Amino acid sequence: MVQKNFLADDKLLDDVLLLVEEELNKVDASKKIIMQIKICVEEIFVNISHYGYENNQGTAKIEIYLLNN
């Protein structure tokens, strides 16, 4: 499991997506799965960044749990 807090700022989206991709690569996820998950993470993170906090001040906690079967 990986946990990391990011300032809820869409300028940090690339950092969030890099973290997700690095973790998925560790379990040899396919490029298709990586892309699909990154699209979901992007949508969620941008929504948190834009609508999650008044005055645009807050954090987004990223938690990644991977099962390697």
Side-chain angles (χ1 to χ4, degrees):
M1 178 192 59
V2 172
Q3 292 181 334
K4 187 166 182 178
N5 291 319
F6 288 89
L7 184 63
D9 183 339
D10 59 6
K11 293 176 187 166
L12 297 175
L13 177 61
D14 288 339
D15 295 334
V16 172
L17 295 177
L18 180 62
L19 174 68
V20 170
E21 186 169 354
E22 287 173 348
E23 293 303 311
L24 289 169
N25 281 327
K26 289 179 184 178
V27 294
D28 295 322
S30 70
K31 289 183 183 205
K32 180 179 179 182
I33 293 295
I34 292 171
M35 182 58 64
Q36 290 172 334
I37 292 173
K38 285 174 63 179
I39 289 169
C40 294
V41 170
E42 177 178 352
E43 187 68 26
I44 293 165
F45 185 77
V46 169
N47 282 338
I48 291 169
S49 298
H50 289 186
Y51 310 114
Y53 297 99
E54 290 185 29
N55 302 322
N56 297 326
Q57 295 181 343
T59 59
K61 183 177 186 178
I62 306 299
E63 295 184 3
I64 302 171
Y65 299 86
L66 298 171
L67 301 176
N68 191 5
N69 295 343

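Numbering starts at 1 and runs along the sequence shown. Computed from a predicted structure; not experimentally measured.
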#### Entry: hydrophobic_cluster_shared for Val46 and Tyr53, side chain cutoff 4.5 Å
no

Between [atom1] on residue [X] and [atom2] on residue [Y], distance to nearest 0.5 Å:
X	Y	atom1	atom2	answer
Lys61	Ile48	NZ	CD1	12.5 Å
Ile39	Ile34	CD1	CD1	12.0 Å
Leu13	Leu18	CG	CG	11.0 Å
Met35	Cys40	CE	SG	11.5 Å
Ile44	Ser49	CD1	OG	11.5 Å
Ile62	Glu23	CD1	CD	12.0 Å

### Residue pair Lys26 / Leu66, side-chain heavy-atom distance below 4.5 Å
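Heavy-atom side-chain distance check fails, nothing below 4.5 Å.
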
Show which side-chain atoms of residues 1-9 pair as donor or acceptor with protein atoms under 3.5 Å away, not counting sequence neighbours.
from	atom 1	to	atom 2	distance (Å)
Gln3	NE2	Glu63	OE2	3.2
Asp9	OD1	Lys11	N	2.9

Least distance between heavy atoms, Val20 atom then Ile64 atom: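 Smallest interatomic distance, heavy atoms only, reads CA-CD1, 4.0 Å.
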
Check the pair Phe45 / Leu17 against side chain to side chain contact (heavy atoms under 4.5 Å, CB included), numbers first and verdict last.
CA-CA 10 Å; Phe45 185 77; Leu17 295 177; over 6 Å; no

